[in-house]
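Along the sequence shown, the residues carry numbers beginning at 1.
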Amino acid sequence: MEILHVTAECYPVAKAGGLGDVAGALPKYQVQLGHIAKLVMPMYRTKFLFQNEFDVVHKGAFNMGPMWFNYTIIKEQTSKLGFDLYLVDINGLLDREQVYGYNDDAERFTAFQIAVVDWVAKWEHKPDVVHVHDYHAGLVPFMMQNCYAYRHLAAIPTVLTIHNAQYQGWMGWDKSSYLPAYDSWQWGKLDWKDSINPLASAVKCAHRVTTVSYSYLEEMRQEANGLEKLFQYEQGKCTGILNGIDDKVWDPAVDTYIDTNYSLKDIDKGKLASKKVLCDEFNLDIEKPLFVFIGRLVGEKAADLLPRAIYDSVYHLEGKMCFLVLGSGDPQVEWELSNLNMPLAGYYNSKIGYNEKLSHQMYAGADFLLMPSRVEPCGLNQMYAMRYGTIPIVRNTGGLKDTVVDIGETGGYGIKFNDAKVWDITYSIHRAMELYADKPKIKGIKKKLMQIDNSWETSAQHYIDLYQSLQ
Ligand code: ADP
Ligand code: GLC
């Protein structure tokens with residue numbers, strides 16, 4: 001089959017979170033299964049762009065409301081990611097350093113999607129499926145089916161994967177003229193609660209919808225940032241397919257980001273070496289269990305609970321552990337976390353920002369990884385942690401619920417709690433401390449974690465089965 005993925009992120013080209021990791025891995029595994037997988041994304045001004053060679057494969061132009069844009073599609077020459085990578089260059093709009101966070105993101109992603117559809121419309125053959133990811137690509141199914149210029153694409157099956165329904169790309173109806181001329185009787189397929197909602201539109205128009213874990217799909221029928229009723233109504237075409245991890249990139253035996261590689265046979269030595277790097281750099285005590293948090297400092301991740309939970313744990317458990325936090329996001333949370341550096345020096349430290357290398361060192365060097373998420377569609381961090389022999393402490397929600405088994409259950413290897421509350425986090429840290437004291441048990445669990453297979457093989461095949469059901 002020939003699959004075209006449409007996405008805003010893809011590791012290592014540009015990554016803001018887990019979407020980038022998934023988009024960088026899934027097509028590669030689909031190619032390994034014998035299919036043609038292509039991926040198209042905006043051409044941002046990232047290192048990858050300057051370090052690689054590209055060919056121009058198409059040039060076109062379109063108007064978006066009163067604006068006129070020329071676009072160029074470039075293709076990375078060697079398919080070094082394991083699949084064909086195409087970038088959409090729109091001067092002045094997409095060629096910026098960051099993926100998100102600009103005032104004109106609505107214009108940027110709408111223009112990106114128009115360019116993609118316009119380009120596909122010019123192909124001599126057609127892909128067997130167009131697979132769109134999140135709201136940034138959510139208008140693509142609507143445009144393929146309802147814009148007069150592109151209606152010859154209407155029969156191509158489309159699949160939407162929802163990585164995060166919190167962000168929906170809402171646009172006022174005053175921006176409806178941005179879309180290429182469409183059958184206005186179909187306006188309802190763009191609308192949700194009186195605005196243009198690209199994510200809702202994709203749920204309505206895509207032939208099939210997937211979420212990145214089973215539990216998240218169930219949860220969205222109850223709570224989906226305003227889209228609950230839509231998920232209840234469309235449940236017939238929705239299915240959960242759990243993410244995998246790229247176990248070639250995330251492998252402590254070959255990971256070039258960590259100083260000392262290790263595998264199952266030298267796990268203790270390897271993890272200790274990485275822990276030492278962290279403890280030296282962040283002034284932490286290597287003798288104590290190390291708890292880390294890595295991620296976006298936002299409400300979804302319950303990052304606002306961390307300062308209190310960390311402070312209380314250090315205070316009540318007499319500083320018998322250490323904490324290290326890496327992340328960026330809400331300025332208030334960043335401020336609170338940074339402010340703890342001084343009073344909790346020796347027990348705690350934080351690094352505000354995005355740092356791929358440090359994140360790998362932390363997965364390798366930590367004893368426990370904290371993920372108290374309020375919402376977690378899948379979560380990759382817990383799976384990375386496990387691959388590096390680090391015990392996940394997670395809230396029982398979404399993908400965390402589906403991938404972690406509590407040590408209280410038969411064969412368990414993680415710690416789970418139910419409520420996104422400070423007390424639940426501190427209690428779980430307490431449980432972790434007890435586990436840490438039981439050396440033979442913790443050693444067994446770390447070894448077990450490293451052997452859990454969360455790789456993409458199975459899930460990549462599930463997507464193929466889904467596409468095939470649409471042919
Ligand atoms: P989400 O996509 O919701 O942010 P995931 O768990 O799916 O959450 O994926 C997060 C990805 O982003 C992981 O690869 C994680 O290591 C990475 N990440 C998040 N924050 C940072 C950071 N500050 N520095 C480095 N990597 C980060
Ligand atoms: C989103 C979700 C995260 C998921 C990732 C990849 O960003 O928040 O839970 O793992 O996408 O699907």
Side-chain angles (χ1 to χ4, degrees), residues 242-248 250-255 258-279 284-294 313 317 320-324 359-372 376 379-396 399-418 424-455 457-458:
L242 197 61
N243 283 335
I245 61 171
D246 189 334
D247 57 6
K248 311 284 179 304
W250 297 91
D251 180 356
V254 294
D255 190 333
I258 61 177
D259 295 347
T260 309
N261 291 113
Y262 61 95
S263 58
L264 207 52
K265 58 178 187 340
D266 51 4
I267 174 171
D268 287 340
K269 208 167 126 222
K271 283 187 74 64
L272 196 65
S274 284
K275 187 171 178 179
K276 183 165 182 338
V277 173
L278 295 173
C279 291
L284 302 170
D285 184 347
I286 195 166
E287 298 301 327
K288 296 177 181 170
L290 176 61
F291 295 78
V292 301
F293 173 94
I294 300 162
S313 298
L317 295 169
K320 290 189 180 123
M321 78 294 279
C322 292
F323 292 94
L324 181 59
S359 75
H360 285 242
Q361 275 170 350
M362 288 169 71
Y363 290 119
D367 296 294
F368 298 96
L369 174 96
L370 283 170
M371 282 185 88
E376 197 59 82
L380 300 173
N381 296 18
Q382 79 281 12
M383 295 195 264
Y384 296 148
M386 295 191 237
R387 180 101 171 108
Y388 287 71
T390 297
I391 299 171
I393 303 180
V394 304
R395 181 165 167 256
N396 201 17
L400 301 174
K401 185 172 178 178
D402 297 349
T403 53
V404 177
V405 181
D406 188 88
I407 44 168
E409 294 171 43
T410 322
Y413 46 78
I415 292 177
K416 284 167 112 172
F417 56 93
N418 284 327
D424 269 41
I425 302 174
T426 51
Y427 178 67
S428 301
I429 290 170
H430 188 88
R431 286 184 70 204
M433 297 292 289
E434 281 176 357
L435 176 63
Y436 190 79
D438 187 343
K439 294 291 174 221
K441 188 165 179 189
I442 201 162
K443 192 167 178 175
I445 290 179
K446 286 183 175 178
K447 283 195 162 166
K448 179 177 197 154
L449 287 171
M450 282 189 73
Q451 294 174 80
I452 294 175
D453 182 6
N454 280 316
S455 79
E457 266 94 17
T458 319

Would you indicate whether the side-chain heavy atoms of [Y] and [X] approach each other to under 4.5 Å?
| X | Y | answer |
| --- | --- | --- |
| Y262 | K269 | no |
| I407 | Y413 | no |
| I393 | M371 | no |
| V394 | P372 | no |

Please step through salt bridge (Lys or Arg N to Asp or Glu O under 4.0 Å) for the pair D424 and R395, ending with a clear verdict. CA-CA 9 Å; D424 269 41; R395 181 165 167 256; over 6 Å; no
Can you tell me how far the [atom1] atom of [X] sits from the [atom2] atom of [Y], to the nearest 0.5 Å?
| X | Y | atom1 | atom2 | value |
| --- | --- | --- | --- | --- |
| I245 | D453 | CD1 | CG | 8.5 Å |
| K288 | M433 | NZ | CE | 9.0 Å |
| S428 | L435 | OG | CG | 12.0 Å |
| I452 | M383 | CD1 | CE | 11.0 Å |

Give me the ring orientation class for W250 and Y363: parallel if the planes are under 30° apart, tilted from 30 to 60°, perpendicular past 60°.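 Rings of W250 and Y363: perpendicular, over 60°.
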Take the angle between the ring planes of H430 and Y427 and call it parallel below 30°, perpendicular above 60°, tilted in between.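 Ring orientation of H430 relative to Y427: parallel.
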Taking atom NZ as the centre, does K443 end up with more than 12 heavy-atom neighbours from other residues, nucleotides or ligands that are less than 6.0 angstrom away?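 Counting other residues, nucleotides and ligands, NZ of K443 stays at 12 neighbours or fewer.
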Crowding at NZ, K439 (>12 non-hydrogen neighbours, <6.0 Å):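 Check passes, neighbour count above 12.
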Note: D268-K446 ion pair, threshold 4.0 Å (strictly below):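 Judged by the 4.0 Å cut-off on N to carboxylate O distance, D268 and K446 do not form a salt bridge.
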Is a salt bridge present between K276 and D259, judged by a nitrogen-to-oxygen distance below 4.0 Å?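 No salt bridge links K276 with D259.
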Search all heavy atoms of F293 against all heavy atoms of L370 and return the closest pair with its distance.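 That closest heavy-atom pairing would be CD1-O, 3.4 Å.
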What's the verdict on salt bridge (Lys or Arg N to Asp or Glu O under 4.0 Å) for R431 and D406, showing C-alpha distance, side-chain angles and the deciding distance? CA-CA 11 Å; R431 286 184 70 204; D406 188 88; 2.8 Å; yes
For the pair S274 and Q361, evaluate side chain to side chain donor-acceptor pair (under 3.5 Å) and give the outcome as yes or no after the intermediate values. CA-CA 6 Å; S274 284; Q361 275 170 350; over 6 Å; no
Set out, in order, the CA-CA distance, both residues' side-chain angles and the distance that settles side-chain contact (heavy atoms from CB on, under 4.5 Å) for L317 and I429, then state yes or no. CA-CA 9 Å; L317 295 169; I429 290 170; 4.2 Å; yes
